[in-house]
Amino acid sequence: MAGHDHHNGHFSMCLCDVIRLLWSLLLPCLYMSLVLTLLLFLLVMGVRIWLQRSRKARLAQNSSPTVAFFHPYCNAGGGGERVLWCALRAIQNRYPSVSFVVYTGDQGVTAEQILEGARQRFNIRLPRLVTFIFLKNRLLVEASSYPHFTLLGQSIGSMFLGWEALTSFVPDLYVDSMGYAFTLPIFRYLGGCGVGSYVHYPTVSTDMLSAVRERNPRFNNSTYISTNPLLSAAKVLYYCAFALIYGLAGSCSDIIMVNSTWTLGHILALWRAPGRTVVVYPPCDVRSFLDIPLENKVDGKKPEGKRSHSIVSVGQFRPEKDHQLQIKAFRKLLDKNGAGPGGWESVRLVLIGGCRNQEDENRVLVLKRLCQDLGVADRVEFKLNIPFEELKRELADGTIGLHTMWNEHFGIGVVECMAAGTIILAHNSGGPKLDIVVSYEGGQTGFLADTEDNYAAAMETILALSPSARLEIRMNARRSVDRFSDQEFEASFLSAMEPLMGRLRQ
């Protein structure tokens, strides 16, 4: 019994020693944490004071306040760039005493060439010059730089690129117009700037989480991950953690503009700032297409009696645009209707889009090889980075406007096709489903599909419609897209920006 008591006493002494040891280690860790936190705070404040001095020195030389737009790919030809140039045009007209800066990662081009590109591609001329800050480290936000953990890599890379931008020029108001949410806290807390953002597409979404949970292979969910339950579970955890951090970064924005109902739902769920979030539909140049007469848009016939139709796709050559689906569906259409009395022997597919970099150009080469493999190379045309007038001619000649991106955030190309009088065939998801290809005054405005077979069947249906039935759909579609005009965008954008612009010292 005495031995048992001795054993218990020894155990108690050992336990007390362990507790003392842990406590003796905990206190230094707490002290170290406090010291490191204090040093970090002092570092942040020191950097902020340094950057504030830089801004004050600029204002001493030129009292005009400055608004800066962060758009590393401003020389690309996509819908995001149209938003940038229309926003600049609107805000320059409203605030003539304010200066404007664009942070861009484009190299090998001049400011004049960038502005000329905007004029040619979008028919947009700015009323005044803007200053371009050419960033040297855009590679940090390229997806190709991160074969694994791409979202995390690009987000961290955007912080370094944002730091380069901030140290190059400290604005009074910062607007992220391309979706790099992790730059927002840098400009707000280090730069002391007012912060706004225009979100085209959430970096991570519940749909992406669902695709991983359901082990559904997509362009952002590799097959080797989707077939492995452990890797899929790990990726779900990764996405959940990233979504939390992404939401914290995005919530730093003073005003949040989103481009569609679909994007609004995801941003409200992630950023949790309903009082600062508004829908601002992107600008679509519908007026430039209104001079295309719908009544004269009669499907042509070749002398030998074969019907001639053009199916036009407008969109950047990015993987999520899913041009492969367009080509495969087109092949199925030809297989179904190539022969016989109702065949469409002279139908052609025209793929129009911008290439941002070598990766996009390589993707076009892959698509051309696919056309050769499927035997449709002689019926598919690729038109890259074409001027606006050529785009307009192609849409004027087109019978069908084709769109295949799953969960497209909005779909400027879809709206332009509808305004130009093509009958739109869009993906049954995202912005096209919720905002664009919806009934107008009880009339049909287009078609939706989501598989190769659905697309082929819909194209067959459209081509088989009578001219009067096609005209009715075209007229409904054109009337419905007035709400997406440049003028509507400018009014909504300026209204959203007014509280931030009011803070500037005029």
Side-chain angles (χ1 to χ4, degrees), residues 66-89 91-92 99-126 128-146 150 153-171 174-183 186-187 197-198 200-201 203 282-283 315-321 352-364 383-388 391 412:
T66 302
V67 177
F69 287 79
F70 187 78
H71 209 102
Y73 294 91
C74 77
N75 199 37
E81 287 66 58
R82 166 167 270 283
V83 168
L84 170 68
W85 302 121
C86 283
L88 275 167
R89 180 177 62 186
I91 205 167
Q92 280 188 336
S99 300
F100 295 91
V101 163
V102 175
Y103 298 114
T104 178
D106 294 299
Q107 298 292 321
V109 292
T110 64
E112 292 74 17
Q113 289 171 328
I114 292 175
L115 295 173
E116 178 61 19
R119 186 193 67 78
Q120 289 187 357
R121 292 168 185 158
F122 305 118
N123 197 30
I124 294 174
R125 292 178 175 84
L126 298 184
R128 289 184 283 130
L129 292 178
V130 298
T131 301
F132 290 89
I133 305 295
F134 292 92
L135 307 177
K136 299 177 182 178
N137 296 301
R138 191 176 70 179
L139 187 65
L140 293 173
V141 297
E142 295 275 359
S144 58
S145 300
Y146 310 98
T150 308
Q154 286 183 289
S155 297
I156 294 174
S158 72
M159 295 174 72
F160 284 100
L161 191 64
W163 173 252
E164 181 190 351
L166 182 58
T167 53
S168 299
F169 185 89
V170 184
Y174 170 79
V175 180
D176 166 37
S177 56
M178 206 171 174
Y180 292 105
F182 286 82
T183 65
I186 291 175
F187 277 82
S197 57
Y198 188 95
H200 301 271
Y201 196 88
T203 303
Q316 286 184 317
F317 288 98
R318 306 200 307 262
E320 61 268 30
K321 295 297 184 180
I352 301 173
C355 284
R356 302 165 298 173
N357 47 37
Q358 187 60 46
E359 188 178 356
D360 287 352
E361 292 175 9
N362 293 339
R363 194 169 292 113
V364 171
K383 301 207 168 189
L384 314 180
N385 300 321
I386 63 175
F388 176 79
L391 167 66
I412 290 180

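Everything numeric in this text was worked out from a predicted model, so none of it was measured.
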Can you tell me how far CG of D106 sits from CD1 of I114, rounded to the nearest 0.5 angstrom?
5.0 Å
CZ of F100 to CG of L88, rounded to nearest 0.5 Å, is 7.0 Å
Heavy-atom pair of closest approach, residues S144 and E359
CB-OE1, 3.6 Å
Kindly compute the distance separating CD (Q316) from NZ (K321), expressed to the nearest 0.5 Å.
7.0 Å
Residue that, paired with M178, satisfies side-chain contact (heavy atoms from CB on, under 4.5 Å) out of Y73, F69, F70
Y73
Would you call N75 and R121 a side-chain contact if the rule is heavy atoms closer than 4.5 Å?
yes
Under 3.5 Å, is there a donor on one side chain and an acceptor on the other for T183 and Y174?
yes
Donor-acceptor contact present, side-chain E164 to main-chain K136, <3.5 Å
yes
Spacing of CZ belonging to R82 relative to CZ belonging to F388, to within rounding of 0.5 Å
7.0 Å
Sub-3.5 Å donor-acceptor pair from the side chain of S145 to the main-chain atoms of L139, do we have one?
yes
Okay, side chain of Q107, backbone of L135: is any donor-acceptor separation there less than 3.5 Å?
yes
With rounding to the nearest 0.5 angstrom, report the CH2 to CZ distance, W85 to R119.
13.5 Å
I'd like to know if the side chain of E81 reaches the main chain of C74, judged simply by a donor and an acceptor atom lying under 3.5 Å from each other, with no hydrogens or angles considered.
no
Assess whether atom CZ of R125 is packed by more than 12 heavy atoms of other residues, nucleotides or ligands within 6.0 Å.
no
Side-chain contact test, heavy atoms from C-beta onward, threshold under 4.5 Å: evaluate it for V141 versus Y180 and give yes or no.
yes
For F134 versus A111, what's the shortest heavy-atom pair and its separation?
CZ-N, 4.1 Å
With distance as the sole test, does R89 use its side chain to make a donor-acceptor pair with the main-chain N or O of I124 at under 3.5 Å?
no
Taking the side chain from R363 and the backbone from C355, do they hold a donor-acceptor pair closer than 3.5 Å?
no
Side chains of P171 and F187: closer than 4.5 Å at any heavy-atom pair?
yes
Expected output: side-chain Y146 to main-chain L140 donor-acceptor under 3.5 Å:
yes
Minimum heavy-atom distance between P282 and V83, given as atom pair plus value
CB-CG2, 3.7 Å
To the nearest 0.5 Å, what is the distance between CG on L161 and CD on E142?
10.5 Å
